[in-house]
Every structure is written in C-alpha cells, then in structure tokens.
**Q** 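Before we start, here is the structure in question, set down as structure tokens.
Please read all numbers here as calculations on a predicted model, not as lab measurements. Atoms within each ligand, like the ligands themselves, are counted from 1 in listed order.
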Amino acid sequence: MNSAAYVGRFAPSPTGPLHLGSLVAAVASWLDARAAGGRWLVRMEDLDRPRCEPGAADIILRQLEAYGLHWDGAVLVQSQRDEAYAEALATLQKLGAVYPCACTRSQLAQASRNHEDEIVYPGACRNGLPAGAIARAWRVRVPDVDTRFHDRIHGDLQQNLAHEVGDFIVRRADGLFAYQLAVVVDDAFQDIIHVVRGADLLWNTPRQIYLQTLLGLPMPVYAHVPLITNAAGQKLSKQTLAPALPGTGRSAVLAQALAALGHPPVAELAGATPAEQLAWAAAHWKIENVPIQPMVANPVQAPDNLP
Ligand code: GLU
C-alpha cells in the first residue's frame with residue numbers, strides 16, 4: 001500500500017492529559033497507519049469549549065512525542081473550524097434535512113434510552129415547534145431504515161437510527177456545533193481514509209455515515225479498538241478519574257497498551273525504548289489480532305513530571 005492509499009488520524013479531546021485508554025487509541029491508529037506505510041494526522045477536538053482544560057492540548061502533543069508517536073503535517077484544531085461546520089449546517093438546512101428543536105434536557109428526561117444509555121429523541125419538534133417555543137438546537141431527521149456498516153474488528157453491524165438514536169443534534173443549544181457534524185466535516189477535509197478509534201464511539205458511526213451520505217462526503221473505513229477499564233469495570237476517562245500517563249516508565253505503559261491491542265511485546269524487547277517497541281509492533285501489526293474485549297488496566301503510578 002502506498003501512502004496516498006492510507007491516511008489515518010488520532011483525534012483527542014483536550015479535556016485533560018492522555019490516560020492509558022486514550023494512549024491505546026493513539027497507538028492503534030499510529031500502528032495501523034505506519035504498518036500500511038500511510039500518513040498519520042492529529043486533530044485537536046476542542047469543540048466542546050466548556051469541557052476543554054487550558055493547556056491540555058499542548059500536554060497531549062508532548063505526551064505523544066514522548067511515546068514516539070510522531071504525526072505528519074500540521075495539527076488541525078476544531079475551535080478554528082466553525083466556518084466549515086456552519087457551511088455544512090447550511091447545506092443540511094438547504095436540503096431540509098435538519099429542523100430547529102426547542103426541547104430542554106428536563107423535557108427529555110423521561111424519554112427512552114438506548115443500550116448506550118443515550119436518550120432516543122422522541123421527535124417532539126420534528127413537525128414544527130410548539131407555539132411560542134424558542135428554537136434551541138438543530139437536529140437532523142433520521143430515516144427508519146437500517147444503516148449497515150463494516151468494522152474491521154467488530155465485523156458487519158447495523159443500526160436503525162430512528163429506533164435507536166432518534167433525530168440527533170448537529171448544533172447544540174449553546175450554539176456549539178456537535179461532535180457528530182464536526183467529525184465528518186473534518187475527516188473529509190483531512191482526506192481520512194481509515195478511522196481507528198476507541199470502541200466507545202462504535203455506535204456513533206451510523207450517525208456519522210448518515211451525515212456523510214447527506215453531505216456527499218466519502219466514508220472512511222472504520223476500526224474500533226478495545227476500551228481500557230478500571231478495576232470497577234468503568235471505561236477510563238476523566239469522569240472516572242483515570243490517572244494521566246506517568247512521566248516515567250513509559251516502556252511499561254506502552255507494553256500494557258500493546259497487550260490490550262493483542263500485540264504484547266516479545267521478551268527480547270525488555271528494556272527497549274518506546275520507539276523500539278513501536279517499530280517492532282508496526283512490523284508485526286495485524287488488525288485481526290486486536291481483541292474485541294476491553295482490558296482492565298494495571299494500576300499506573302500517579303503522574304510526577306508530565307508529560
Ligand atoms: N475526540 C473524540 C474523543 O476523544 C474522538 C473522536 C473520534 O475519534 O472520532 O473521544
């Protein structure tokens with residue numbers, strides 16, 4: 001495969017430093033790209049301004065460098081891309097594919113939830129706003145059909161967006177563009193061919209495929225890698241107080257990330273640097289060896305000197 005045939009990316013949200021779970025997504029997307037001789041881009045998904053932490057974007061980039069995860073080209077920053085998202089929303093408006101919604105969080109509190117515990121929008125504003133109601137968000141109207149897609153790790157999947165998600169938000173009540181819209185606009189803008197990311201986003205994929213269809217954008221190939229959980233079985237995240245990657249002992253941490261991806265380093269790599277471990281893993285990378293099951297993290301020591 002030559003480099004034009006593979007463009008991948010890592011798209012962290014700078015809500016805090018990387019933890020073992022986000023490192024696994026970074027390593028998987030890097031290895032898949034490098035094993036194919038492809039390009040690997042980084043996109044800073046700082047769209048949700050209230051959730052972003054000042055300085056986190058820089059820390060993440062320094063952490064990637066410290067692990068030998070070097071990227072190609074300039075980092076794309078979502079907070080500088082509002083114009084592109086506004087244009088996509090305008091296209092959807094012209095198509096009549098979106099409508100304004102006045103529902104508040106509390107009005108939707110009783111709505112049914114899907115297996116990801118997300119609210120399935122019941123369609124209250126689908127046929128027009130109630131008299132006197134004020135538009136808050138924009139939602140895309142979804143069809144009552146199965147969206148089918150292939151994941152390189154999870155196989156053939158399908159989801160009926162109408163039953164399992166409902167009309168979903170593309171512009172939020174606070175005026176910010178939604179992740180689902182930004183991600184498809186940016187994946188197309190960056191000519192991404194392969195999306196390799198955490199399995200927490202597996203069931204976001206049909207929403208993104210549907211937006212790609214509406215906007216006439218190419219569909220990348222998807223692979224969703226296993227999540228890392230804490231001992232209580234919760235996904236490592238800022239909410240579950242996942243520790244940041246430690247500033248020392250990186251080879252041991254990377255070995256854990258590689259094991260989670262079904263590529264535990266061989267004994268001869270004991271004492272190897274992260275760059276040497278990554279070179280070995282890229283040479284031996286087989287996506288079919290990546291497990292579906294999440295892995296429980298070994299306790300990682302508290303960060304001392306980030307990154
Ligand atoms: N920014 C998202 C996250 O950190 C990832 C988005 C993606 O890979 O599509 O969870």
**Q** For ligand 1 and Tyr179, I'd like to know whether there is a polar contact (N/O to N/O, distance under 3.5 Å).
**A**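 Min N/O separation from ligand 1 is below 3.5 Å for Tyr179.
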**Q** Test your reading of the structure: does Arg43 have an N or O sitting under 3.5 Å from an N or O of ligand 1?
**A**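 By distance alone, the answer is no.
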**Q** Return yes when atom CD of Gln239 has more than 12 non-hydrogen atoms of other residues, nucleotides or ligands closer than 6.0 Å, and no otherwise.
**A**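 Counting neighbours around CD of Gln239, more than 12 heavy atoms of other residues, nucleotides or ligands fall under 6.0 Å, so yes.
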**Q** With a 4.0 Å cut-off on heavy atoms, is Arg9 in contact with ligand 1?
**A**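 The answer is yes: ligand 1 sits under 4.0 Å from a heavy atom of Arg9.
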**Q** Starting from atom 5 (C) of ligand 1, what is the nearest protein heavy atom, named by residue and atom, and what distance separates them?
**A**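 Closest protein heavy atom to atom 5 (C) of ligand 1: Ala11 O, 3.3 Å.
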**Q** Distance-only, no hydrogens or angles: does the Asp72 side chain make a donor-acceptor pair with backbone N or O of Trp40 under 3.5 Å?
**A**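 Such a contact is found between Asp72 side chain and Trp40 backbone.
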**Q** At a 4.0 Å threshold, what atoms of ligand 1 neighbour a non-hydrogen atom of Arg197?
**A**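 Matching atoms, with element in brackets: 7 (C), 8 (O), 9 (O).
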**Q** Say you draw a straight line from CH2 of Trp71 to CH2 of Trp30; how long is it, rounded to the nearest 0.5 Å?
**A**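 That separation rounds to 13.0 Å.
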**Q** Strictly by ring-ring contact (aromatic ring centres under 6.0 Å, His included), give each pair with a member in residues 258-284 just once, sequence neighbours left out.
**A**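 ring-ring contact (aromatic ring centres under 6.0 Å, His included) check on residues 258-284 returns His263-Trp285, Trp280-His284.
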**Q** What residue and atom, counting heavy atoms only, is the protein's closest point to atom 4 (O) of ligand 1, and at what distance?
**A**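 Checked against all protein heavy atoms, atom 4 (O) of ligand 1 sits closest to Ser13 OG, 3.2 Å.
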**Q** For the side chain to side chain contact (heavy atoms under 4.5 Å, CB included) test, which of Asp167, Val98, Leu89 pairs with Val140?
**A**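 Among the candidates, only Val98 passes.
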**Q** Between Leu201 and ligand 1, which residue portion shows a heavy-atom distance shorter than 4.0 Å: side chain, backbone, both, or neither?
**A**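 Looking at Leu201 and ligand 1, just side chain atoms fall under 4.0 Å.
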**Q** Tell me the ring-ring contact (aromatic ring centres under 6.0 Å, His included) pairs involving residues 81-127, sequence neighbours left out?
**A**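 For residues 81-127, and leaving out neighbouring residues, the ring-ring contact (aromatic ring centres under 6.0 Å, His included) pairs sorted by first residue read Tyr85-Phe177, His115-Trp203.
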**Q** Answer yes or no: does an N/O atom from Val183 fall short of 3.5 Å to an N/O atom of ligand 1?
**A**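 It does not: no N or O of Val183 is found under 3.5 Å from an N or O of ligand 1.
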**Q** Considering non-hydrogen atoms of the protein only, which is the closest contact for atom 6 (C) of ligand 1, and what is the distance?
**A**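 Heavy-atom neighbour on the protein nearest atom 6 (C) of ligand 1: Glu45 OE1, 3.2 Å.
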**Q** Name the residue from Gln78, Gln208, Glu45, Arg207 that meets the side-chain hydrogen bond (donor to acceptor under 3.5 Å, both in side chains) definition with Tyr179.
**A**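 Running side-chain hydrogen bond (donor to acceptor under 3.5 Å, both in side chains) over Gln78, Gln208, Glu45, Arg207 with Tyr179 returns exactly one hit, Gln208.
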